[in-house]
Amino acid sequence: MIKLLKFLRPYTGLVIFILIFMFGQAMAELYLPTLMSDIVNNGMMKGNTGYIWKYGGYMLLVALGSSLCAISGSLLSSITAVGFGRDLRSIVFTRVESYSLHEFDKIGTASLITRTTNDIMQIQTVLVMMMRFLIYAPIMCIGGIIMAMSKDRTLTLILAVVLPILMAVIGFFASIIVPIFQALQKKLDKVNLVLRENLTGIRVIRAFNRQYSERKRFTEANSDLTETAIKANKIMAAMQPLMMLFMNVTSISIIWFAGLRINLGKLELGDMMAFLQYAMQIMFSLIMVSIMFVMVPRAQASAVRINEVLDVSPEINDPKQAKRSDGKKGLVEFRNVTFSYPGAEQPALSNISFAANPGETTAIIGGTGSGKSTLISLIPRFYDVDSGSVMVDGIDVREMSQKDLRARIGFVPQSAVLFTGTIADNIRYGRKDATDEEIMHAAEVAQASEFISSMKEGYNSEIAQGGTNLSGGQKQRLSIARALVRKPEIYIFDESFSALDFKTDARLRAALKKETKDATVIIVTQRVSTVMDADKIVVLDEGKIAGIGNHKTLLESCEVYRELVYSQLSEEEIA
Ligand code: ADP
Ligand code: MG
């Protein structure tokens, strides 16, 4: 929590104003009972109407001042807290954007979302309370005690008995409720998790008729959260009347003893009334402090979760001095690369060496889980290698700026990701300043123009969230068009043709060939028919290279490749 408060710095001026206002409010409220006792003692009891009018006017002014301070204070503290929340969200978001894929795997998407929204909200709420009460409550408490003592020392003994009891009661309740509040946050996390999984996996859930068990799972998490929240509220609800009872009993005893002292002529009526009010103020401020003590641990739990996000230092950073290269447009080389995912027992890739030359098509083939996607994700530096190096245009990717590196690459990921917006917007994602002609051309090459023009609004058709209103093959072709419009030096296709029928696949690759004449093209696939005419084929098997060559040489020399070929093609096709 303390650590996060450094982001309050831009609001220092506002916070100082808030504190001044709260100080003003406290002072005014402490002054009011004294004024009142003056009016009662010197005005009412002595029948001095002029005095009553004069001091009544003062009282009104002081009350007005106190209200103004209260209003300004709470307005400013809301503004500050909301602004702080906005800043913090943007800081968290920026930090998360700089994460490498490793770090995403660590915290998890669902939790990242809860942390940026709900957790920051919790802190925001407590911040308002802190700014309001941090100065106000102690002043009211200590000031109240001093003022009460100035009215009547003997009566203060009642407070000496009552206040410790009050604190003990509050302490008792707090010790019960704080753990409940902390549990609440975790249970909310759980509800979010189940809900997210259900919403994203709705198709699978329906297909496998799991609605009932999913509903049960959700209901469990939901009622767990509800029960805990009800428990917390029950305790809070019990606390309120109990406190009122306590305060009323205190009032009665004050009036009782004060009455005795007034009879003895040792206390004036006005002072008794003032004393009563000070006692109330003291108790209220104690209750406010105790509410803060209950809320702060809850926010503390959130603060820890946010700090976790901020404390991750991204593994992948730009070098201090980025190198740029000019010649050798698009040459990609792997030199003895070994890479493992964190926590994995075996490296996902070991001793990979090959080069993909400009103007050539390099195909990477291998079974599922052989490390193909892993291999190509090293080129845009989504991950860093353990040993060896990945070179683009003769420079290690770790020595280039990420922006410069990725600008050279047109990447088509294994699962096509589209964004909400029109089809044209999605293709233009590849290059901001692409003209309409370029977009249409890219769609043409990607064999997408046909289905786009058959849609009602053509290139202006809206794509639903996650592209759910398109087929898998249509999504793939749009993400290919997006890479094409970029006109990069290096094209990477990760099983980008897998959802296309063989005819469209062949047509697309023929069109691509013309389009990508001078570029380096890397195609990842499991289909032998897709790689047969590639200039170079790299065969991957369990993260190792089983052979490099063209279709013909591999067929003779590489056992793994031969097996793939025989399992997919008929005798005639092979010959
Ligand atoms: P392919 O694309 O050839 O099907 P991948 O490169 O996706 O294979 O996966 C290679 C291996 O790496 C698999 O054993 C897989 O379990 C593992 N793997 C892939 N992604 C991750 C990840 N994010 N974290 C940990 N292990 C992973
Ligand atoms: Mg893959």
Side-chain angles (χ1 to χ4, degrees), residues 96-112 196-197 200 312 314-316 332 334 336-354 356 361-388 390 397 409-417 472-473 475-477 479-480 483 490-500 505 521-531 534 536-548 554 558-561 563-565 567-568:
V96 170
E97 264 195 325
S98 74
Y99 276 12
S100 77
L101 299 186
H102 274 336
E103 282 114 31
F104 275 106
D105 294 347
K106 251 186 265 167
I107 298 186
T109 330
S111 190
L112 279 175
R196 260 188 78 75
E197 270 189 8
T200 45
V312 172
E315 279 167 25
I316 292 189
V332 175
F334 278 67
N336 219 2
V337 169
T338 299
F339 170 79
S340 16
Y341 285 105
E345 274 172 26
Q346 287 184 341
L349 295 171
S350 35
N351 298 320
I352 304 288
S353 298
F354 72 92
T361 299
T362 305
I364 296 168
I365 192 169
T368 331
S370 56
K372 306 183 296 293
S373 298
T374 308
L375 186 147
I376 52 152
S377 67
L378 298 178
I379 303 172
R381 207 180 164 209
F382 291 154
Y383 299 103
D384 271 345
V385 297
D386 296 346
S387 65
V390 177
V397 290
I409 300 173
F411 192 85
V412 185
Q414 182 159 10
S415 52
V417 174
K475 277 195 279 190
Q476 278 192 340
R477 277 175 279 172
S479 62
I480 291 170
I490 303 162
Y491 288 92
I492 301 174
F493 299 100
D494 190 356
E495 305 198 27
S496 309
F497 316 113
S498 60
L500 305 183
D505 179 2
V521 178
I522 299 176
I523 293 181
V524 167
T525 182
Q526 302 189 40
R527 273 190 200 166
V528 173
S529 63
T530 311
V531 305
K536 184 188 280 175
I537 302 171
V538 178
V539 186
L540 271 190
D541 185 37
E542 293 182 354
K544 297 182 188 68
I545 290 187
I548 299 182
L554 283 174
C558 179
E559 182 59 38
V560 180
Y561 187 70
E563 272 173 27
L564 276 169
V565 171
S567 66
Q568 291 182 20

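Hydrogens, waters and symmetry mates play no part in the numbers below; they use all other heavy atoms, side chains included. Whatever order the structure lists ligands and atoms in, that order sets their numbers, starting from 1. Computed from a predicted model, the values in this text were never measured in an experiment.
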Any nitrogen or oxygen of S370, main chain or side chain, under 3.5 Å from a nitrogen or oxygen of ligand 1?
yes
Could you tell me if any non-hydrogen atom of G343 lies under 4.0 Å from any atom of ligand 1?
no
Find the distance between CD1 (I376) and OG1 (T362) and round it off to the nearest 0.5 Å.
12.5 Å
Heavy-atom count around E542 CD within 6.0 Å, excluding the residue itself: above 12?
no
Could you check atom 23 (N) of ligand 1 against the protein and tell me its nearest heavy-atom contact, residue, atom and distance included?
D105 OD2, 3.3 Å
Sub-4.0 Å protein heavy atom next to atom 25 (C) of ligand 1
yes
Selection from E542, Q526, K372, Q346 by shortest heavy-atom distance to atom 3 (O) of ligand 1:
K372
For atom 11 (C) of ligand 1, what is the nearest protein heavy atom, given as residue, atom name and distance?
G369 O, 4.1 Å
Of all heavy-atom pairs linking I409 and P380, the shortest is CD1-CA, 3.8 Å
For ligand 1, is any non-hydrogen atom under 4.0 Å from F339's backbone (N, CA, C, O), its side chain (CB onward), both, or neither?
neither
Just how far is it from atom CD of E103 to atom CD1 of I107, taken to the nearest 0.5 Å?
8.5 Å
Closest protein heavy atom to atom 9 (O) of ligand 1, given as residue, atom name and distance to 0.1 Å
T374 OG1, 3.7 Å
Option whose closest heavy atom lies nearest to atom 8 (O) of ligand 1, chosen from P342, P347, S340, G371
G371
Apex the Mg ion (ligand 2) - arms OG from S373 and OE1 from Q414 - angle rounded to 10°
80°
Go through ligand 1 atom by atom and flag the ones less than 4.0 Å from a non-hydrogen atom of G367.
3 (O)
Side chains of I316 and F382 in contact at under 4.5 Å (non-hydrogen atoms):
no
Does Y383 have a non-hydrogen atom less than 4.0 Å from ligand 1?
yes
For residues Y341 and T374, is any side-chain donor paired with an opposing acceptor at under 3.5 Å?
yes
Say whether S498 and Q476, considering side chains only, have a donor N or O and an acceptor N or O under 3.5 Å apart.
yes
Nearest-neighbour protein heavy atom for atom 12 (O) of ligand 1, which is reported as residue plus atom name and distance
Y341 CE1, 3.4 Å
Can you find an N or O of A348 that's nearer than 3.5 Å to an N or O of ligand 1?
no
Could you check whether any side-chain heavy atom of V539 comes within less than 4.5 Å of a side-chain heavy atom of I545, counting everything from C-beta outward?
no
Within a strict 4.5 Å, meaning less than it, do heavy atoms of the N351 and K544 side chains meet?
no
Is it true that F334 and F339 have ring centroids separated by less than 6.0 Å?
no
Could you tell me the residue and atom name of the protein heavy atom closest to atom 2 (O) of ligand 1, and the distance to it rounded to 0.1 Å?
S373 OG, 2.7 Å
